[in-house]
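Contents: one structure, followed by commentary.
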Amino acid sequence: LYLWRRVATYTKRMGNHSTVSTFLLWGFSSFSDLQDLLFVMIFFSHVTILAANTSVMVAVKLSHNLHTPMYFFLCGLSFSETCTTVVIIPRMLVDLLSDSKSISIPECATQMFFFFGLGTNNCFILAAMSYDRYTAIHNPLHYSILMTHKICFQLMMASCITGVVVSLCIVLIVFNLSFCDSSIIQHFFCDITPVVSLACDYTIFQKMVLLAFTVFVLVGSFILIMISYVFIGSIVMKMPSAKGRYKAFSTCSSHLIVVCIHYGFAGFVYLRPKNSDSFHEDMLMAVTYTVLTPLLNPIVYSLKNKAMQIALKKVLDNICRFSP
């Protein structure tokens with residue numbers, strides 16, 4: 001609450017120095033004939049995301065055999081990604097049915113803060129999950145000692161705090177700029193590049209600082225994940241039996257698929273060179289990682305994990321039992 005008030009107050013003060021007080025989220029306006037279809041598709045995708053991720057969290061909570069570090073992190077990832085979609089998709093649905101599509105500077109800053117805070121949190125939770133898999137394979141006998149509830153909670157809190165700090169820095173940099181030209185954001189939410197492209201005092205120094213934060217989050221967390229998997233690979237290749245190697249790799253397969261999906265889309269949008277023609281490509285990719293990625297994660301973990309399948313089946317059975 002304190003951070004939200006600080007961001008909102010700060011951006012109001014910055015808005016007083018700008019000639020632009022509101023933005024227009026113009027993302028889907030060029031697809032006027034498809035807006036009703038897009039609304040239906042995105043709405044049902046959002047409902048499915050909420051149902052799938054909530055089912056994963058409930059299954060982990062109710063199944064005692066899933067009270068392990070891996071599922072603790074999976075539950076945290078599902079919650080964080082659900083919150084990410086709630087930050088973006090409801091506003092997107094309203095704009096698809098609205099003619100105004102306007103968003104004030106404080107609202108835009110708040111949306112950016114939560115989106116990048118949760119996105120950073122997701123990246124470092126994935127890094128924590130890779131460390132958990134390394135620990136499970138490297139020290140299976142001491143796994144419960146090395147990955148205690150306290151350590152798991154500390155890793156989760158470190159991811160959350162990192163997300164808050166990084167996101168707050170990004171928002172303060174972006175909304176310290178003066179917006180004195182166009183007020184049309186070529187996107188369906190307040191993303192960094194479409195917003196700063198409207199500023200009239202955006203310098204190369206600010207661009208480098210924002211890029212540094214992006215590299216820290218995406219490349220930094222990805223390097224941590226790859227370090228874990230390099231050690232996992234070296235351990236697995238030394239295992240004498242093919243069955244043992246297969247079992248070790250199978251415990252990591254779901255996480256690797258999710259990592260490839262997450263970093264593939266995010267890296268394409270935030271790490272490649274930008275130009276005025278890339279906004280539409282970035283917007284289409286943003287639809288993918290704000291809608292498709294949170295939908296695929298629970299599906300991947302459910303399809304590749306028998307314990308999760310059994311737990312989800314119990315949840316569905318309980319729902320059917322109590323439903324009229």
Side-chain angles (χ1 to χ4, degrees), residues 4 25 27-28 35-63 66 70-98 103 107 110-123 125-126 129 156 159-160 163 167 188-191 254-255 257-258 261-262 265-266 283-305 307-324:
W4 185 91
L25 293 170
F28 293 118
Q35 292 201 15
D36 292 338
L37 177 61
L38 286 170
F39 177 87
V40 173
M41 292 175 61
I42 294 172
F43 174 78
F44 282 106
S45 296
H46 186 47
V47 172
T48 306
I49 289 168
L50 295 177
N53 283 285
T54 302
S55 298
V56 168
M57 290 185 280
V58 172
V60 172
K61 178 67 176 178
L62 298 181
S63 302
L66 299 184
M70 182 177 77
Y71 294 104
F72 173 76
F73 290 124
L74 176 59
C75 191
L77 181 65
S78 294
F79 177 75
S80 183
E81 291 203 322
T82 300
C83 292
T84 306
T85 61
V86 169
V87 169
I88 300 298
I89 295 181
R91 173 77 202 205
M92 187 197 312
L93 294 173
V94 170
D95 286 339
L96 282 169
L97 298 180
S98 172
I103 184 170
E107 288 175 328
T110 304
Q111 186 185 60
M112 185 181 291
F113 171 76
F114 282 108
F115 178 76
F116 285 102
L118 291 164
T120 301
N121 185 43
N122 294 343
C123 290
I125 289 177
L126 288 171
M129 293 173 80
M156 190 73 78
S159 300
C160 183
S167 185
F188 57 84
F189 74 98
C190 292
D191 206 354
S254 298
H255 181 257
I257 293 171
V258 170
I261 294 170
H262 180 86
F265 290 136
M283 188 180 69
L284 293 175
M285 291 299 294
V287 173
T288 304
Y289 71 71
T290 54
V291 177
L292 186 61
T293 303
L295 182 61
L296 286 177
N297 289 354
I299 294 173
V300 168
Y301 274 99
S302 300
L303 292 176
K304 301 288 290 183
N305 192 303
M308 180 58 72
Q309 290 174 11
I310 294 170
L312 287 171
K313 187 176 184 299
K314 289 181 180 179
V315 171
L316 292 175
D317 290 342
N318 289 330
I319 293 173
C320 294
R321 188 183 306 165
F322 290 107
S323 61

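For Cys83, the side chain to side chain contact (heavy atoms under 4.5 Å, CB included) partners are Phe79, Leu118, not counting sequence neighbours. Taking the side chain to side chain donor-acceptor pair (under 3.5 Å) definition, one finds that Thr290 meets it with nothing, sequence neighbours left out. Partners of Tyr71 according to the ring pair (Phe, Tyr, Trp, His ring centres under 6.0 Å) rule, which considers only residues two or more places apart in sequence or in another chain, do not exist here. Listed by chain and residue number, Phe72, Phe73, Ile125 satisfy the side chain to side chain contact (heavy atoms under 4.5 Å, CB included) test with Met156 (two or more places apart in sequence, or in another chain). With sequence neighbours excluded, the residues satisfying salt bridge (charged side-chain N to carboxylate O under 4.0 Å, His left out) with Asp95 are Arg91. Scored by the side chain to side chain contact (heavy atoms under 4.5 Å, CB included) test, Asn297 finds Leu77, Glu81, Val258, Thr293 as partners (sequence neighbours excluded). For His255, the side chain to side chain donor-acceptor pair (under 3.5 Å) partners at least two apart in sequence or on another chain are Tyr229. For Ala286, the side chain to side chain contact (heavy atoms under 4.5 Å, CB included) partners at least two apart in sequence or on another chain are His187, Phe188, Phe189, Tyr289. The disulfide (SG to SG under 2.5 Å) test applied to Cys190 returns Cys108, not counting sequence neighbours.
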Output a table of donor-acceptor pairs, distance under 3.5 Å, between side-chain atoms of residues 36-51 and any protein atom two or more places apart or on a different chain; print 'none' if there are none.
| residue | atom | partner | partner atom | Å |
| --- | --- | --- | --- | --- |
| Ser45 | OG | Met41 | O | 2.8 |
| Thr48 | OG1 | Phe44 | O | 2.7 |

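Taken to the nearest 0.5 Å, the NZ atom of Lys61 stands 14.5 Å off from the OG1 atom of Thr54. Here the straight-line distance linking atom OG1 of Thr120 with atom CZ of Phe115 works out to 9.5 Å at 0.5 Å rounding.
Sorted by first and then second residue, the salt bridge (charged side-chain N to carboxylate O under 4.0 Å, His left out) pairs involving residues 112-123 (not counting sequence neighbours) form an empty list. For residues 290-300, no residue pair satisfies the salt bridge (charged side-chain N to carboxylate O under 4.0 Å, His left out) rule, not counting sequence neighbours.
Between Ser167 and Phe114, the closest heavy-atom pair is OG-N, 4.4 Å. Nearest heavy-atom pair across Ala59 and Leu66 is O-CD1, 3.8 Å. In terms of heavy-atom proximity, Val56 sits nearest to Ser78 at CG1-OG, 3.6 Å.
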